[in-house]
Amino acid sequence: MGLLERLKTDILIGDGAAGTLLYSYGIDRCFDQLNLTHPDEVLRIHNAYVEAGADVIQTNTYGANYLKLSRYGLEEEVSKINRAAVRLAKKAAGEVAFVLGTIGGIHGAGLHASVTEEIKRGFREQLYALLLEGVDGLILETYYDLEELTTVLKMARDETNLPIIANVTMHEPGVLQNGTPLEEALKQLDTLGADVVGINCRLGPYHMVRALESVPLSKTAFLAAYPNASLPEYEDGKFTYKTEPNYFIEFVRRFRDQGVRLIGGCCGTTPEHIQALVKGRQYLVPIEEKQIIKQKPIFIRERHLEKEPSLFEKIQVDRSIIVELDTPKHLDTDPFFKGAQALKEAGVDGLTLADNSLASPRICNATMASLVKKKVGLSSLVHITCRDRNLIGLQSHLMGLHTAGIRDILAITGDPTKIGDFPGATSVYDATSFELIKLIKQFNEGISFSGKSLKQRTQFHVAAAFNPNVRNLGKSVERMEKKVKYGADYFLTQPIFSKEKILEVGEATKQITAPIYVGIMPLVSARNAEFLHNEVPGIKLPDDIRERMAKTEGDPMQAKQEGLAIAKELIDVAFDYFKGFYLITPFIQYELSVELATYILEKTKSNQKKQILQ
């Protein structure tokens, strides 16, 4: 009798964690490779679960795909590792247990971009290896990303008629990280051909039962649950799980009452936990009907901020000027606020405040943005780097910015810490700039990363960085288009010091509908020009500009005037291509940005008069 036939009449017990046991044995490397290097250890684990009473066991192939194995230099061993894993599981299973080929998620629990062709190829290669070795079915497990899971499910369903179990993973009970309710996600998997749909990992049995209360029984797919033993604790440099196996006994009935017919274990579970499940299953039969407990709807309300338009809204209707004014590296803020006031009086639309630029600590830009609004009455575009905050910190920061009434955010990756004042500090990079843009847009839907309701929609407009100072401008434009796809509303370029480059960028970005603020930075000395050209990532100066600045060596006033003249020439060229100007203030010398802002506004008025006369 096959697996699906058994599930029609019985509650089956799956196995538990393999990685947990291997970890407990002191093995802390690529677990999938052990199918080749330490087959006896893998076989011992399978035997332990079969002896505990498991009806279904999984191959030790959770991460046995090209992308994950490449971290260990094992990308050429995909087929060997997967096929060896099936043989070991089948040897342990004999005639008493079914063997499922395990295909784990690639993206994991962090922020991620979309499913790429490379990811699809990785899944397909692993799938073929498992099928060739003759598994009894497939289990797709630990998928936080529903798009990734549906992609793999479609590929698998096209290749085989074997039973397929498809399990999603949640951060919060009842909802996926993109905000999709669990019942909707499982319905999608059912529709796409999964024979068993369910949940695994992250949550313990208590929260999994709660999550399943809103899931109706399907006429075409059975339900599965593979809970963790508990939340992990961190002791003496190791993660441990403290849940007693007997705790699982009572949950077999609770899972059965939710319609679950395949119950196993995930992280932290051992053969003792599976023995407990087997014991709890005694005398239980599957249910055919259940009462659904619908989750209470969570109403997401709008927050009505001040009527003043954001920077994004301003540039959509008129020419706009923003000025980068670095927050201080010390606690004397008087020069900063004097500069902000002068720029306000000059008529700029807002400040743009970097997030510890060049990996050097400065006063928090969010704090300064709030104070600038209060003291000066000027809006700010607040930069957020992926470098300084983990996923928890990023979300906390976004909620704080929204609460403070800040609407414009520049999402950037951030310079690595090794170039800054504290090269020994850790760069976090839980997210890329693409993923941060996507997260901010998800906040605009009122949904946190975990899928939990924020109970209010944020109202952020997202700016993104564009580096035109590269050899292959086409690739930079492609990245720009990708950022638009992820939700970028407008762009700021790195400073440009070449008229030819401005013309080239203007032509190359004609098809980009998102507004662009072109970066203009006045040079202040020959030394400043050489430092920017040779030591600052993403900035290159033409030889003629460096030569012009070199001629001012020893005369600071002449150097500033030459720097302003160069900047004005660049503005003249950019005027016909870009509606936005992003003035970068060097060394808090805000008077230079004031002069350039005045020049742009006067030029704008002059052009408007000419148009009227025409």
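- Residues Asn178 and Ile447 come closest through the heavy atom pair O-CD1, 4.0 Å.
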If you apply the rule side chain to side chain contact (heavy atoms under 4.5 Å, CB included), what do you find for Ser320 with Tyr517, and how did you get there? CA-CA 8 Å; Ser320 178; Tyr517 282 93; 2.7 Å; yes
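- Between the side chains of Asn365 and Thr327, no donor-acceptor pair is found at a separation under 3.5 Å.
- A perpendicular orientation is assigned to the rings of Phe460 and His402, their planes being inclined by more than 60° (bins at 30° and 60°).
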Full working for side chain to side chain contact (heavy atoms under 4.5 Å, CB included) between Leu492 and Ile322: CA-CA 10 Å; Leu492 276 64; Ile322 57 177; 4.0 Å; yes
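- In this structure, the side chain of Thr180 does not engage the main chain of Leu176 through any donor-acceptor pair within 3.5 Å.
- By the 4.5 Å heavy-atom criterion applied to side chains, Leu401 and Ile409 are counted as neighbours.
- Without hydrogens or angle criteria, Glu562 side chain to Thr552 main chain gives no donor-acceptor distance under 3.5 Å.
- Under the 3.5 Å distance criterion, with hydrogens and angles disregarded, no donor-acceptor pair is assigned to the side chains of Gln558 and Lys551.
- In this structure a side-chain-to-backbone donor-acceptor pair under 3.5 Å is missing from Asp318 to Lys314.
- Rounded to the nearest 0.5 Å, atoms OG1 (Thr585) and CZ (Phe336) are 10.0 Å apart.
- When every heavy atom of Cys201 is checked against every heavy atom of Cys267, the shortest pair comes out as SG-SG, 3.7 Å.
- Note that CG of Leu541 is 9.5 Å distant from OG of Ser498, once rounded to the nearest 0.5 Å.
- Looking at Asn65 and Lys68, their side chains come closer than 4.5 Å, going by heavy atoms from C-beta outward.
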May I have the step-by-step check of ring pair (Phe, Tyr, Trp, His ring centres under 6.0 Å) for Phe581 and Phe575, ending in yes or no? CA-CA 9 Å; Phe581 286 92; Phe575 226 77; 5.7 Å; yes
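- Classification of Glu313 and Arg407 as a salt-bridged pair holds, one side-chain N sitting under 4.0 Å from a carboxylate O.
- The residues Lys438 and Glu435 are annotated as not salt-bridged, no charged nitrogen and carboxylate oxygen being separated by less than 4.0 angstrom.
- For the atom pair SG of Cys364 and NE2 of His397, the computed distance is 6.0 Å after rounding to the nearest 0.5 Å.
- For the pair Leu325/Leu343, a side-chain contact is recorded, criterion being any heavy-atom separation below 4.5 Å from C-beta on.
- Closest non-hydrogen pair, His171 versus Leu203, comes out as O-CD2, 3.8 Å.
- Here the side chain of Thr426 pairs no donor or acceptor atom with the backbone of Val428 at under 3.5 angstrom.
- The side-chain heavy atoms of Leu473 and Val477, taken from C-beta on, include a pair separated by under 4.5 Å.
- A distance of 9.5 Å separates CG in Leu410 from CG in Leu436, rounded to the nearest 0.5 Å.
- Residue Asp355 is tested with Arg362, Arg389, Arg387 for a salt bridge (Lys or Arg N to Asp or Glu O under 4.0 Å); the sole match is Arg389.
- With contacts defined as side-chain heavy-atom distances shorter than 4.5 Å, the pair Thr385/Asn356 does not qualify.
- The nearest pair of heavy atoms linking Gln395 to Ser450 is OE1-N, 4.5 Å.
- Looking at Arg527 and Glu553, no side-chain N of the basic residue comes within less than 4.0 Å of a carboxylate O on the acidic one, giving no salt bridge.
- In this structure, Leu439 and Leu398 have side chains that are in contact, with non-hydrogen atoms separated by less than 4.5 Å.
- Note: Asp388 CG to Thr417 OG1 = 9.0 Å, rounded to the nearest 0.5 Å.
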Evaluation steps, salt bridge (charged side-chain N to carboxylate O under 4.0 Å, His left out), between Glu569 and Arg548: CA-CA 13 Å; Glu569 292 168 11; Arg548 286 173 64 176; 3.0 Å; yes
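- Side chain of Ser593 to main chain of Gln589: no donor-acceptor pair is present (N/O by atom type, distance under 3.5 Å, no hydrogens or angles).
- In summary, the side chains of Gln442 and Gln177 do not present any donor paired with an acceptor at a separation below 3.5 Å, with no hydrogens or angles considered.
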CA sep, side-chain torsions, deciding dist, call: Leu371, Phe337, side chain to side chain contact (heavy atoms under 4.5 Å, CB included): CA-CA 9 Å; Leu371 291 173; Phe337 285 110; 3.8 Å; yes
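- Ion pairing between Asp489 and Lys441 holds under the 4.0 Å rule for side-chain N and carboxylate O.
- In terms of heavy atoms, Gly487 sits closest to Ile437 at C-CG2, 3.7 Å.
- The CZ atom of Phe578 lies 7.0 Å from the OG1 atom of Thr493; values are rounded to the nearest 0.5 Å.
- When all heavy atoms of Pro556 and Gly554 are compared, the pair lying nearest together is CD-O, 3.6 Å.
- Looking at Glu591 and Lys338, no side-chain N of the basic residue comes within less than 4.0 Å of a carboxylate O on the acidic one, giving no salt bridge.
- Distance alone, capped at 3.5 Å, places no donor-acceptor pair between the Ser606 side chain and the Glu602 backbone.
- Within the 4.5 Å cutoff, the side chain of Arg319 has no heavy atoms near those of the Leu601 side chain.
- Using a 4.0 Å cut-off between charged nitrogen and carboxylate oxygen, Glu478 and Lys475 do not count as a salt-bridge pair.
- For Lys499 and Asp572, the salt-bridge test fails: no basic side-chain N is under 4.0 Å from an acidic carboxylate O.
- With Thr598 contributing its side chain and Val594 its backbone, the two residues share a donor-acceptor pair below 3.5 Å.
- A side-chain donor from one of Tyr490 and Asp408 sits under 3.5 Å from a side-chain acceptor of the other.
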Apply salt bridge (charged side-chain N to carboxylate O under 4.0 Å, His left out) to residues Lys120 and Glu117 and explain how you reach the verdict. CA-CA 5 Å; Lys120 291 179 184 178; Glu117 287 302 317; 3.3 Å; yes
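- Side-chain N or O atoms of Arg457 include one that pairs as donor or acceptor with a backbone N or O of Glu445 at under 3.5 Å.
- In this structure, the side chain of Asn469 does not engage the main chain of Ile539 through any donor-acceptor pair within 3.5 Å.
- Both the sub-6.0 Å distance and the 45° axial angle are not jointly satisfied by Lys540 relative to the ring of Phe497.
- Phe491 does not carry Lys483 over the face of its six-membered ring by the limits of under 6.0 Å from the centre and within 45° of the normal.
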Mind running side chain to side chain contact (heavy atoms under 4.5 Å, CB included) on Tyr144 and Leu149 for me, showing each step along the way? CA-CA 8 Å; Tyr144 288 89; Leu149 178 53; over 6 Å; no
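- Side chains of Thr458 and Asn444: a donor-acceptor N/O pair is present below 3.5 angstrom, by distance only.
- The shortest side-chain heavy-atom distance between Leu532 and Leu523 falls under the 4.5 Å cut-off.
- Put simply, the side chain of Ser357 never gets that close to the backbone of Ala354: no donor and acceptor are under 3.5 Å apart.
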